[in-house]
Novice: 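Handing you a structure now.
It should be emphasised that the depicted structure is a prediction, and the values quoted were computed from it without experimental measurement. Numbering of ligands and ligand atoms starts at 1, following listing order.
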Amino acid sequence: MRELLIIILILSMAIWGSSFQPREAFPSYASSVSVIQFGAVGDGETDDSQAFLKAWKSICGSKSNAPPLLVPAGKTFLLNPVSFQGPCKSSSINVQIQGNIVAPHSSAWDGHDKKKWLLFSNVNGLTVNGNGKIDGKGASWWSNKQHQRPTALSFGSCNNLVFRGLMHVDSPGNHISVYGCNDVSISNLKIIAPESSPNTDGIDITHSSNVQIRDCTIATGDDCVAIGTDTSNIAVTGVICGPGHGISIGSLGANGGTSIVEDVHVRDCTFKGTKNGARIKTWQGGSGHARRISFERIKLESSDNPIIIDQYYCGPNDECKNQTSAVKVSDVSYIGFQGTSSTEEAVQLSCSESVGCTDIKINDIDITHSDSGKDTRASCINAHGELYGRLVPSVDCLLP
Ligand SMILES: *[C@@H]1O[C@H](CO)[C@@H](O)[C@H](O)[C@H]1NC(C)=O
């Protein structure tokens with residue numbers, strides 16, 4: 001009886017003590033653990049990177065049923081570049097971001113790798129969600145002619161990834177990059193950076209398959225969504241894009257490289273004041289293919305180049321010599337486009353002279369000029385396919 005009392009006493013002290021000290025192991029009753037328990041301060045000035053890493057090591061190392069890791073609301077955590085690495089022991093890992101996470105000023109990056117700010121890598125079954133905000137503090141980078149501006153948040157080699165709910169602002173470079181991941185669901189994000197901010201893509205996907213992007217609002221200085229090399233089974237639905245450079249497949253085949261992109265389906269998206277709408281861009285001299293692609297039920301509000309295939313893409317500082325090899329573009333459908341273009345050339349299908357695009361299908365498009373005195377038109381280079389339904393502009397340059 002006395003032993004039992006002592007045991008109860010020790011147990012209750014341990015439980016009482018646990019709420020005051022960082023712990024490496026969790027009592028089974030813990031429903032979530034907070035970065036605060038690992039020493040994070042959250043005053044927006046203290047570097048909380050080490051506390052976040054300790055918290056990560058702890059949940060990533062817990063054997064089964066790792067408790068969710070909480071970044072609590074009402075606080076701002078300053079993080080230097082940090083990498084949250086797996087593999088983790090638990091088959092599912094949940095990070096709930098309710099508070100704000102901010103990057104240091106660009107001048108504080110000396111000595112750090114400038115490619116990435118926050119990285120999750122090699123974590124299977126990762127869910128990152130919450131109402132929090134990730135602020136890349138990009139303004140101090142954009143003004144300089146930096147060669148490299150970090151991506152705010154990257155996911156590398158994460159299978160079964162769920163990422164939803166967060167707000168992203170002002171990344172120095174791309175906001176979110178996903179590479180080497182299979183089975184990914186990204187939804188309900190809000191991504192905002194100024195229209196003039198350079199290379200601030202919203203979401204970039206490369207080397208990944210089975211990716212869904214749903215119900216996001218994206219306003220940036222570059223592509224809202226970019227689907228890059230070696231991707232397949234990508235569905236983008238309910239994205240509101242603008243300002244920005246549209247939803248792009250590419251750029252593919254840079255530096256003579258081979259790119260394969262297959263089964264990309266973009267549906268129920270809106271472009272508002274974007275530089276492009278539905279874009280496929282490939283470099284001269286590349287190889288591989290982009291095929292089985294569709295853009296369906298697209299709304300346009302004063303967008304430049306609503307439908308564009310550009311096989312003559314080249315960067316601002318590159319030579320743009322025409323070459324004979326190109327990424328082959330085929331089986332691309334544009335179905336149900338409606339709204340206004342701010343350029344007369346609403347449809348531009350500029351395919352490689354040597355390779356050409358085949359099986360392009362255009363069905364029911366009604367794209368008028370946002371300036372009511374002007375008409376829209378289509379232009380084509382070596383584009384082949386079929387037309388269906390009502391077409392404004394008529395795309396009579398499309399070859400059989
Ligand atoms: C490349 O080919 C396209 C299509 O024929 C043409 O419009 C463009 O002027 C050419 N560019 C160069 C640099 O020769």
Side-chain angles (χ1 to χ4, degrees), residues 145 147 198-199 222-223 226-229 244-262 264 266 271 274-295 300 303-334 337 341-363 365 367 369-371 374-387 391-400:
K145 288 240 176 302
H147 285 292
N199 306 113
D222 207 312
D223 292 333
I227 296 158
T229 198
H245 294 187
I247 295 181
S248 295
I249 296 176
S251 42
L252 306 177
N255 307 315
T258 301
S259 287
I260 309 271
V261 173
E262 292 179 334
V264 177
V266 178
F271 297 106
T274 51
K275 282 227 168 72
N276 302 283
R279 172 160 69 159
I280 299 175
K281 52 177 174 173
T282 74
W283 295 75
Q284 292 279 334
S287 60
H289 60 254
R291 67 187 177 205
R292 297 193 300 271
I293 293 166
S294 66
F295 296 93
L300 303 158
S303 160
D304 298 356
N305 312 316
I307 292 179
I308 177 165
I309 296 177
D310 180 5
Q311 295 217 270
Y312 298 87
Y313 180 76
C314 71
N317 309 315
D318 297 285
E319 267 190 79
C320 302
K321 277 190 304 192
N322 283 344
Q323 298 175 42
T324 48
S325 76
V327 176
K328 165 83 180 163
V329 175
S330 67
D331 195 350
V332 183
S333 304
Y334 301 92
F337 278 57
S341 170
S342 50
T343 51
E344 289 181 30
E345 211 165 75
V347 177
Q348 185 188 332
L349 306 173
S350 298
C351 300
S352 158
E353 289 271 22
S354 44
V355 179
C357 307
T358 53
D359 210 4
I360 306 293
K361 285 161 274 195
I362 302 185
N363 187 350
I365 59 167
I367 311 174
H369 204 290
S370 50
D371 195 339
K374 292 179 178 166
D375 287 331
T376 52
R377 57 187 156 78
S379 76
C380 310
I381 298 170
N382 206 7
H384 301 259
E386 286 177 63
L387 302 170
L391 303 170
V392 178
S394 69
V395 190
D396 41 24
C397 59
L398 190 71
L399 303 168

Novice: When you measure from the SG of Cys380 to the SG of Cys397, is the result less than 2.5 Å?
Specialist: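 Answer is yes, sulfur atoms closer than 2.5 Å.
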
Novice: Please determine which of Gln311, His384, Arg291 meets the side chain to side chain contact (heavy atoms under 4.5 Å, CB included) test together with Cys357.
Specialist: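 Output: one option passes, namely Gln311.
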
Novice: For the pair Asp222 and Lys275, find out whether any cationic side-chain nitrogen is under 4.0 Å from an anionic carboxylate oxygen.
Specialist: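 No, Asp222 and Lys275 are not salt-bridged.
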
Novice: With the threshold set strictly below 4.0 angstrom, can you tell me whether any protein non-hydrogen atom sits that near atom 2 (O) of ligand 1?
Specialist: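 Within 4.0 Å of atom 2 (O) of ligand 1, protein heavy atoms are found.
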
Novice: Can you tell me if Lys321 has a non-hydrogen atom under 4.0 Å from ligand 1?
Specialist: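 False for this residue.
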
Novice: Look at the aromatic rings of Tyr334 and Phe295 and report parallel, tilted or perpendicular, splitting at 30° and 60°.
Specialist: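 Rings of Tyr334 and Phe295: parallel, under 30°.
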
Novice: In a check of side chain to side chain contact (heavy atoms under 4.5 Å, CB included) between His289 and each of Ile260, Val329, Val261, which one passes?
Specialist: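 Filter result, single survivor: Ile260.
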
Novice: Can you check whether Gln323's main-chain N or O pairs, donor with acceptor, with Gln284's side chain at less than 3.5 Å?
Specialist: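 Side chain of Gln284 to backbone of Gln323: a pair is present.
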
Novice: Verify the contact flag for atom 11 (N) of ligand 1, where contact means a protein heavy atom under 4.0 Å away.
Specialist: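 Yes, there is a protein heavy atom closer to it than 4.0 Å.
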
Novice: How far is atom 13 (C) of ligand 1 from its nearest protein heavy atom, and which residue and atom name does that atom have?
Specialist: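 That would be Cys320 O, 3.5 Å.
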
Novice: Return the closest protein heavy atom for atom 7 (O) of ligand 1 as residue, atom name and distance.
Specialist: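 The protein heavy atom lying closest is Ile381 CD1, 4.7 Å.
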
Novice: What protein heavy atom is closest to atom 5 (O) of ligand 1, reported as residue, atom name and distance in Å?
Specialist: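 Nearest protein contact, heavy atoms only, for atom 5 (O) of ligand 1 is Glu353 OE2, 2.4 Å.
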
Novice: Which heavy atom of the protein is the closest neighbour of atom 14 (O) of ligand 1, given with residue, atom name and distance?
Specialist: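 Checked against all protein heavy atoms, atom 14 (O) of ligand 1 sits closest to Asn322 ND2, 3.3 Å.
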
